[in-house]
Each structure stands twice: as structure tokens, then as C-alpha cells.
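What follows is a single structure, written as C-alpha cells, with notes after it.
What you see is a predicted model; the values in this text were computed from it and never measured.
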Amino acid sequence: VQLQASGGGSVQAGGSLRLSCAASGRGFIGPDMGWFRQAPGKEREIVAAIKWSGDVTFYAAAVKGRFTISRDNDKNTMYLQMNSLKPEDTAVYYCAADSRDGIGRWQLSIMTYEYDYWGQGTEVTVSS
């Protein structure tokens, strides 16, 4: 399975971006998927995660109310709509998938170590 993230760019504070993560290949059963970010000099952190069904989601406190995660399983694509962007949102954003059976587990994966497939990252820069 390969993950391809896209949609990053440079915006001013208050602006919006929509990230996409396209998955190709087979082998997963209803994987949990997530968006992570890593700013210069900082550790990678979770931004948001979503179950296969799309009805269970998680948001980091820093983005709750501003970002929305969604997925279209027919298109094998996950999205992150980012509104009201702030300079502190500047980072490289990664999409990731947990290859374990997400349908058979009620708990949503939100820890970095739970994700074993990663996209290449897309850079988001927010200027003040």
C-alpha cells in the first residue's frame, strides 16, 4: 500500500487549505487513518484520525473546531479541511494508515507508533 499526500501550500493566517491522501494497493481491512504534522525542531504529532466508517474521529486540541477530517472509501482518499489557519499550524503534514483490522477494533488509533504506513508529507506554511 502506498499513500500520497497533496494539497499543501503557503497561505496567510486565517486562510484555508484542503489536504488529500490517496491510497493505492490492497491488503488493509478497514484501516484507521490519520493526519500527523511535524514542525521544525519538534516531534511528529497527531492532528486528526478517523475510523473506516467515518463516524468516529479524533482531533488534537490545537485544531479542534478548525480542521475537519473525512474519507471517501470508494475513492480510497482521506481529506483534511483546514480553516482559520494560524502560523503555528506551519509544518509538514503526513497521512498515515494503521494496517491492523480497523473494523474489528472499536478503538481509534491516535498514537504515532500505531501507524505503520506513511505518505511522503506535504508542506503547509502559514504566514502572519
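A chain of hydrophobic side-chain contacts below 4.5 Å, direct or via other Ile, Leu, Val, Met, Phe, Trp or Tyr residues, connects Ile50 to Val1. Val63 and Leu80 fall within the same hydrophobic cluster, where Ile, Leu, Val, Met, Phe, Trp and Tyr residues are linked whenever their side-chain heavy atoms come under 4.5 Å apart, directly or through other members. In the hydrophobic cluster analysis, where Ile, Leu, Val, Met, Phe, Trp and Tyr join through side-chain heavy atoms closer than 4.5 angstrom, Met111 is grouped together with Val56.
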(message) Go through it in stages, so that I can follow the logic: the residues are Phe36 and Glu45, the test is side chain to side chain contact (heavy atoms under 4.5 Å, CB included), and I'd like the CA-CA distance, side-chain angles, deciding distance and then a yes or no.
(response) CA-CA 5 Å; Phe36 294 77; Glu45 62 179 6; 6.0 Å; no

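Legend: residues meeting salt bridge (charged side-chain N to carboxylate O under 4.0 Å, His left out) with Arg105, ordered by chain and number and at least two apart, are Asp32, Asp98.
When side chains are defined from C-beta on, Asp72 does not count as touching Met78, because their heavy atoms never get closer than 4.5 Å. Looking at heavy atoms from C-beta onward, Trp35 lies out of side-chain contact with Ile46 at the 4.5 angstrom threshold. Residues Leu19 and Thr122 form a side-chain contact, since some pair of their non-hydrogen atoms from C-beta on lies under 4.5 Å apart. With a 4.5 Å cut-off on side-chain heavy atoms, Ile69 and Phe58 do not count as touching. The shortest distance between side-chain heavy atoms of Cys21 and Arg71 does not fall below 4.5 Å.
Here the CZ-OG distance, from Arg66 to Ser84, works out to 7.0 Å after rounding to the nearest 0.5 Å. Atoms CE and CZ, on Met82 and Phe67 in that order, are 5.0 Å from each other to the nearest 0.5 Å. Here Leu17 contributes atom CG and Tyr93 contributes atom OH; the two are 9.0 Å apart, rounded to the nearest 0.5 Å. Taking OG of Ser20 as the start and CD of Gln4 as the end, the distance is 11.0 Å to the nearest 0.5 Å. Rounding to the nearest 0.5 angstrom, the gap separating the OG1 atom in Thr57 from the NZ atom in Lys64 is 8.0 Å. Between the CG atom of Leu85 and the OG1 atom of Thr125 there is a distance of 10.5 Å, given to the nearest 0.5 Å.
Side-chain polar atoms of Thr90 and Arg37 form no donor-acceptor pair below 3.5 angstrom. A side-chain N or O of Asp116 and one of Ser99 form a donor-acceptor pair less than 3.5 Å apart.
In terms of heavy-atom proximity, Pro87 sits nearest to Ala13 at CD-CB, 4.1 Å. The two residues Val124 and Gly8 have their closest heavy-atom pair at CG2-CA, 4.1 Å. Shortest non-hydrogen contact noted between Tyr115 and Ser109 is OH-O, 2.6 Å.
The aromatic rings of Tyr94 and Trp118 lie perpendicular to each other, with more than 60° between the two planes, well past the 30° mark.
In this structure a side-chain-to-backbone donor-acceptor pair under 3.5 Å is present from Gln120 to Ala5. Not a single donor-acceptor pair under 3.5 Å links the side chain of Trp52 to the backbone N or O of Met33. Using modelled atom types, no side-chain atom of Lys51 and backbone atom of Gly30 make a donor-acceptor pair closer than 3.5 Å.
Other residues, nucleotides and ligands place no more than 12 heavy atoms under 6.0 Å from the CD atom of Gln2.
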